[in-house]
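See structure below.
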Amino acid sequence: MSIQQYLFDLEILVKRVPKTKTGELAKAMYIRSLTFFGNDPKDHLSTLRDSYLKAYLLAETPTYLPELWNRNLSELETLVQSLNPSRKIFVFSRLAETANALGYSHREYVNQAYEWLPKASWKGRSRLVISLSTLGHIEEALSISRQLKPHLRATTLAEASAMNPGVEILLREAIEATKKVENTVRRIVAISRLLKSYYMFDRYSSELFAEKICEKLSPVLTEVDAFLSLLVARNLAEASMHTASIKLYVSAKNYLQQNLTLNNDIEELLVQTALRAEGLDKALEMAYMSPRSWYLVPSLLSYAITSGYFNKTTLSIVKQHLEKKNPH
């Protein structure tokens with residue numbers, strides 16, 4: 001099935017979304033996919049009632065369609081004022097990343113995010129740490145990270161390191177922060193995430209770590225075990241450690257197949273992990289089979305975009321396909 005067909009089917013699904021927060025999120029993820037594949041999201045954005053989701057997409061979508069930059073900036077000026085401090089940081093951080101990707105100066109937006117830091121929650125601080133890392137301001141990122149509780153600092157730096165593999169100082173700080181996490185589950189999750197960067201420096205040790213994690217998480221005996229196994233499997237798959245990832249994925253999937261109804265979060269994680277374990281078509285088939293397909297399908301495509309599964313090559317191929325279908 002072509003991407004164009006996926007988007008057509010997705011539009012039909014999105015018309016079924018309930019008027020809830022989850023429904024708004026499903027629409028937002030649909031809009032992300034739509035824009036990523038070259039479609040102007042203006043009409044769809046106007047239907048979003050959630051101001052934060054709309055603001056975040058306005059900040060993000062020029063990454064995929066640069067011609068949206070000026071129009072979106074103009075709309076953001078008013079919209080962002082209504083958001084709480086942490087959400088302002090999320091939006092300005094994303095705006096800085098988009099500006100940087102387009103070759104514009106990003107410091108103005110970083111400074112605007114900084115303004116709200118004193119009033120922000122840990123989530124806002126964590127988001128700014130990740131953004132600063134991505135933008136190359138490593139020392140600033142590390143300074144803010146020290147304001148976080150040990151387990152939150154470890155999780156944040158592991159994520160920052162995973163998003164910027166090859167930055168050795170980030171990896172070192174993430175490893176040291178993870179060593180200070182007392183909770184075993186939190187430590188395992190952090191390690192599985194930072195392995196994406198560690199794998200570039202020491203492939204052999206990374207594989208050993210992954211094997212030990214698999215041993216720790218076996219067997220899958222409860223729904224909680226299944227969720228943790230899928231979360232770690234997704235992280236390992238993104239780190240290109242597919243053998244260990246598939247072991248965990250299969251164990252969790254086999255356990256979950258014994259249950260007639262799945263927890264919403266587990267079902268979403270199962271479909272996302274299936275993307276690299278079984279491929280896009282199989283993962284989409286699983287999503288379409290669910291009563292919550294109106295949420296799971298846009299969630300899967302959105303994850304494929306944000307996790308890098310759909311890369312620039314994918315985008316180029318799809319755009320060529322669309323141009324053949326719709327010649328100017």
Side-chain angles (χ1 to χ4, degrees), residues 6 10 13 17 20-26 28-30 32-33 123 126 130 151-152 154-156 158-159 162-163 183-196 210 213-214 216-310:
Y6 287 138
L10 192 53
L13 285 175
V17 303
T20 62
K21 288 183 179 180
T22 307
E24 284 288 283
L25 183 55
M29 292 188 292
Y30 164 65
R32 171 180 285 138
S33 301
K123 289 182 180 179
S126 176
I130 292 167
H151 73 277
L152 297 175
T155 303
T156 299
E159 184 64 27
M163 292 183 69
N183 182 283
T184 302
V185 170
R186 287 172 172 167
R187 189 164 61 251
I188 286 174
V189 173
I191 290 170
S192 70
R193 192 60 178 141
L194 64 82
L195 282 177
K196 183 176 182 181
I213 289 173
C214 284
K216 277 271 189 185
L217 298 182
S218 297
V220 174
L221 300 174
T222 68
E223 204 170 74
V224 173
D225 291 345
F227 182 86
L228 180 58
S229 291
L230 288 172
L231 181 58
V232 171
R234 189 181 67 180
N235 287 346
L236 294 179
E238 288 186 33
S240 299
M241 285 181 273
H242 299 294
T243 301
S245 174
I246 288 174
K247 279 183 184 177
L248 292 173
Y249 168 74
V250 170
S251 295
K253 185 180 178 183
N254 288 343
Y255 171 79
L256 292 172
Q257 284 176 337
Q258 303 169 25
N259 297 280
L260 294 177
T261 57
L262 294 182
N263 172 288
N264 292 343
D265 291 336
I266 288 184
E267 189 174 28
E268 182 177 20
L269 197 51
L270 178 65
V271 168
Q272 290 179 354
T273 311
L275 180 63
R276 284 179 171 83
E278 302 196 56
L280 179 60
D281 286 338
K282 181 62 177 178
L284 277 165
E285 181 184 323
M286 292 169 62
Y288 276 117
M289 288 173 62
S290 169
R292 297 176 67 248
S293 58
W294 55 266
Y295 177 83
L296 290 176
V297 176
S299 170
L300 177 60
L301 291 178
S302 179
Y303 171 69
I305 293 167
T306 58
S307 69
Y309 183 88
F310 286 156

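In this structure, the separation between CG on Asn264 and OG on Ser299 is 11.0 Å, given to the nearest 0.5 Å. If you take OG on Ser192 and CG on Leu217, they are separated by 8.5 Å, rounding to the nearest 0.5 Å. The line from CD1 of Ile188 to CG of Asn235 is 12.0 Å long, rounded to the nearest 0.5 Å. A distance of 5.0 Å separates CD in Gln272 from CD in Glu268, rounded to the nearest 0.5 Å. The structure places CE of Met29 at 10.0 Å from OG1 of Thr306, a figure rounded to the nearest 0.5 Å. For the atom pair OG1 of Thr273 and CG of Leu231, the computed distance is 8.0 Å after rounding to the nearest 0.5 Å.
Heavy atoms only, all atoms of each residue included: Tyr255 and Leu221 are closest at CE1-O, 3.5 Å. When all heavy atoms of Ala244 and Leu236 are compared, the closest pair comes out as CB-CD1, 3.9 Å. For the pair Ser293 and Ala287, the tightest heavy-atom approach, listed with the atom from each and the gap, is CB-O, 3.3 Å. Shown here for Ala226 and Ala252, the closest heavy-atom pair between the two residues is O-CB, 3.8 Å. The two residues Ala210 and Leu195 have their closest heavy-atom pair at N-CD1, 4.4 Å. Among all heavy-atom pairs drawn from Tyr288 and Leu13, the shortest one is CE2-CD1, 3.6 Å.
With contacts defined as side-chain heavy-atom distances shorter than 4.5 Å, the pair Leu25/Tyr295 qualifies. Contact of the Tyr303 side chain with the Val271 side chain is not registered, since no non-hydrogen atoms from C-beta on lie closer than 4.5 Å. Looking only at side-chain heavy atoms (C-beta outward), Leu230 and Leu256 come within less than 4.5 Å of each other. At least one side-chain heavy atom of Leu301 sits less than 4.5 Å from a side-chain heavy atom of Phe310. A 4.5 Å side-chain heavy-atom check between Gln257 and Asn254 finds at least one atom pair inside the cut-off. Side-chain contact between Tyr249 and Leu270: present, with at least one pair of heavy atoms (C-beta onward) separated by less than 4.5 Å.
For Lys247, the NZ atom is loosely surrounded, since the number of other residues' heavy atoms within 6.0 Å does not exceed 12.
Take Lys282 and apply the salt bridge (charged side-chain N to carboxylate O under 4.0 Å, His left out) test, not counting sequence neighbours, and it matches Glu285.
Counting only residues at least two apart or in different chains, salt bridge (Lys or Arg N to Asp or Glu O under 4.0 Å) contacts with residues 219-241 comprise Arg193-Glu238.
For Ser290 (side chain) and Met286 (main-chain N/O), no donor-acceptor pair under 3.5 Å exists by modelled atom type. A donor-acceptor pair under 3.5 Å links the side-chain atoms of Ser245 to the main chain of Ala233, judged by distance alone. Listed for the Thr155 side chain is no donor-acceptor partner under 3.5 Å among the backbone atoms of Leu152.
One finds a salt bridge joining Lys253 and Glu278 here, because a Lys/Arg side-chain nitrogen approaches an Asp/Glu carboxylate oxygen to under 4.0 Å.
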Next on the checklist: As a quick check of understanding, evaluate side chain to side chain contact (heavy atoms under 4.5 Å, CB included) for Phe227 and Val232, giving each step before the final call.
Outcome noted: CA-CA 9 Å; Phe227 182 86; Val232 171; over 6 Å; no
Next on the checklist: Under the criterion side chain to side chain contact (heavy atoms under 4.5 Å, CB included), I'd like the reasoning laid out for Tyr309 against Leu280: C-alpha separation, chi angles, the key distance, then a yes or no.
Outcome noted: CA-CA 9 Å; Tyr309 183 88; Leu280 179 60; 4.0 Å; yes
Next on the checklist: Set out, in order, the CA-CA distance, both residues' side-chain angles and the distance that settles side chain to side chain contact (heavy atoms under 4.5 Å, CB included) for Arg32 and Ile305, then state yes or no.
Outcome noted: CA-CA 8 Å; Arg32 171 180 285 138; Ile305 293 167; 4.1 Å; yes
